[in-house]
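Here is how names work: the chains are called A, B, and so on, in the same order as the sequence lines, proteins then strands, and each is numbered from 1. In this text, all values refer to a predicted model and were calculated from it rather than measured experimentally.
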2 protein chains.
Amino acid sequence: MTDHRPLTRNQALVLETLTACEEPLSAYAILDRLRGEGFRAPLQVYRALDKLLQTGLVHRLDSLKAFVACAHPHEHGGEATVAFAICENCARVWEFSDSTIEDRFEAWAKAENFLTRATTIEISGLCAACREAGAPGEPGQPGERGA
Amino acid sequence: MTDHRPLTRNQALVLETLTACEEPLSAYAILDRLRGEGFRAPLQVYRALDKLLQTGLVHRLDSLKAFVACAHPHEHGGEATVAFAICENCARVWEFSDSTIEDRFEAWAKAENFLTRATTIEISGLCAACREAGAPGEPGQPGERGA
DNA sequence: AACTCCGATGTTATATCATTACACTAATTG
DNA sequence: CAATTAGTGTAATGATATAACATCGGAGTT
């Protein structure tokens with residue numbers, strides 16, 4: 001299924017850009033970072049992303065309209081169900097999977113005779129570091145949104 | 001948290017539009033359906049949607065960039081975690097929740113000290129009726145994507 | 001009533017995200 | 001070499017969402 005032809009220059013550049021960045025990047029943010037490499041139009045980015053998404057090397061975060069390099073590209077060939085936790089303060093992303101959760105979704109699908117094609121799970125909130133630092137949104141933290 | 005002031009005219013119109021429709025609607029589709037009621041600009045829709053999303057009467061489906069009326073508006077005040085199954089063929093949406101799944105997410109969050117604010121779960125695939133009808137995408141079905 | 005606050009509204013313009021259409025290149029394979 | 005297939009470059013456009021600004025109207029004052 002996942003055809004493993006080598007990455008083209010554009011695909012490699014886009015993947016490198018995402019891998020080098022801690023945070024998700026929008027397609028246009030990727031474009032801006034690659035202008036020095038000759039990128040000029042959004043399509044150059046979107047086309048590379050299409051391929052990288054197909055092969056599971058990159059994920060799209062719908063809730064952010066942004067893209068991240070896969071944290072575990074070797075582990076799944078784009079098959080497994082993955083959940084993302086996204087810090088609203090620092091924008092970092094944690095990628096994890098849970099077989100119990102997968103089982104429950106499968107059970108629901110079986111009961112409803114629903115044929116699952118793709119599952120998107122995104123959790124927004126505050127990561128541990130940002131909570132400690134008293135990032136906005138943490139209840140009980142002084143000095144924020146007082147009025 | 002969920003303040004229950006009555007809906008304004010614009011909010012009520014947007015909610016009625018979504019409730020009357022079996023499928024999710026984009027903001028611009030809602031706008032078009034409400035031009036007869038005097039709607040002229042996207043903001044009129046987006047502002048009503050903001051309120052309806054806050055109160056949990058409407059959900060946004062990130063994967064479709066579209067909005068649906070909540071199927072169980074009385075049950076949760078916008079608090080519970082809900083999963084959506086979306087048929088790629090007929091566009092209908094099933095809304096369900098599963099306490100085991102919620103528990104697993106909570107367990108992950110606790111272990112990582114992550115403060116969850118919102119959870120988005122969207123499953124794309126084919127519903128039972130569309131599978132039976134041989135909708136595109138169903139493997140083993142004759143007459144589709146032969147070449 | 002006059003005053004103030006706040007949420008909602010109407011309108012224009014603009015920002016952001018994504019795709020269509022078309023012409024062309026390069027590698028693969030019969 | 002012809003045919004096929006993926007990829008590329010460019011311009012134009014479509015689709016989704018928000019910013020900025022002026023105004024309105026109800027609720028609670030004083």
Side-chain angles (χ1 to χ4, degrees), chain A residues 1-18 23-55 57-68 86 91 120 122 124 145-147, chain B residues 1-18 23-55 57-68 91 120 122 145-147:
Chain A
M1 184 110 307
T2 40
D3 79 306
H4 277 303
R5 79 174 64 211
L7 297 181
T8 66
R9 170 179 152 87
N10 284 4
Q11 290 158 12
L13 285 168
V14 168
L15 180 56
E16 284 166 22
T17 303
L18 287 174
E23 312 158 21
L25 293 175
S26 75
Y28 280 72
I30 296 169
L31 173 59
D32 285 340
R33 292 176 188 227
L34 289 175
R35 289 197 189 278
E37 305 292 337
F39 275 50
R40 294 169 174 276
L43 250 201
Q44 295 175 287
V45 175
Y46 281 110
R47 286 203 274 227
L49 285 171
D50 282 346
K51 189 65 191 302
L52 295 167
L53 290 167
Q54 277 169 32
T55 57
L57 293 171
V58 162
H59 300 289
R60 185 191 136 96
L61 300 177
D62 285 334
S63 61
L64 297 183
K65 299 165 196 169
F67 303 85
V68 281
I86 304 164
T120 297
E122 296 175 27
S124 293
R145 26 187 89 248
Chain B
M1 182 111 310
T2 42
D3 81 305
H4 278 301
R5 83 174 60 213
L7 296 182
T8 65
R9 170 179 152 85
N10 284 3
Q11 291 158 13
L13 285 169
V14 168
L15 180 57
E16 284 166 22
T17 303
L18 286 174
E23 312 156 22
L25 292 175
S26 74
Y28 280 74
I30 295 169
L31 173 58
D32 284 340
R33 292 175 188 229
L34 288 175
R35 290 198 189 277
E37 305 292 337
F39 275 51
R40 295 168 173 277
L43 251 200
Q44 294 175 285
V45 175
Y46 281 110
R47 288 203 274 228
L49 285 172
D50 281 347
K51 190 66 193 302
L52 296 168
L53 289 167
Q54 277 170 32
T55 57
L57 293 171
V58 162
H59 300 290
R60 186 192 136 98
L61 300 176
D62 286 334
S63 61
L64 297 182
K65 300 165 194 166
F67 304 85
V68 282
T120 297
E122 296 175 26
R145 27 187 88 243

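Residue-level contact check: B:R47 touches the bases, meaning some heavy atom is under 4.0 Å from a base atom.
Side-chain atoms of B:E37 never come within 3.5 Å of backbone atoms of B:L34 as a donor-acceptor pair (strictly under, hydrogens ignored).
Distance CD1 (B:I30) to P (D:dT16): 11 Å, rounded to an integer number of Å. Rounded to an integer number of Å, the gap from CG of B:L53 to P of D:dT18 is 10 Å. For the pair A:L31 CG and C:dT16 C1', the computed distance is 13 Å after rounding to whole Å. Following rounding to the nearest Å, B:D32 (CG) and D:dT16 (C1') show an atom-to-atom distance of 13 Å. To the nearest angstrom, C1' of C:dC5 lies 12 Å from CZ of B:R5. Put simply, CG on B:L13 is 10 Å from P on C:dG10, counting in whole angstrom units. One can place CZ of B:R9 at 16 Å from C1' of D:dC24, the figure rounded to the nearest angstrom. Atom OH in B:Y46 sits about 18 Å away from atom P in D:dA20, given to the nearest Å.
Put simply, the side chain of B:Y28 and the base of D:dA17 share a donor and an acceptor less than 3.5 Å apart.
Minimum atom distance to the side chain of B:N10 is reached by C:dG10, of the listed C:dA21, C:dC17, C:dG10. If you check C:dT19, D:dG7, C:dT9 against the side chain of B:Q11, the one that comes closest is C:dT9. Here the side chain of B:T8 is nearest to one of D:dA17, C:dT9, C:dG10, namely C:dT9.
Taking 4.5 Å as the limit, every side-chain heavy atom of A:F67 sits out of range of all side-chain heavy atoms of A:P24.
Counted by atom type alone, B:S63 and B:E122 present one or more donor-acceptor pairs between their side chains at under 3.5 Å.
Positionally, the nearest nucleotide of DNA chain D for B:K65 lies more toward the 5' end than for the other of B:L43 and B:K65. Annotation: of the two residues near DNA chain C, B:A48 and A:A27, the 5′-most nearest-nucleotide partner is B:A48.
For the atom pair OG1 (B:T120) and CG (A:L61), the distance works out to 10.5 Å, reported to the nearest 0.5 Å. Distance check, rounded to the nearest 0.5 Å: CG of B:L25 to OG1 of B:T17 gives 7.5 Å.
In this structure, A:K51 reaches the D:dG7 phosphate: one of its side-chain N or O atoms is under 4.0 Å from OP1 or OP2. Using a 4.0 Å cut-off, some side-chain N or O of A:Q44 falls inside it from OP1 or OP2 of D:dG9. Contact annotation: A:R40 does not reach the phosphate of D:dG9 (side-chain N/O to OP1 or OP2, under 4.0 Å).
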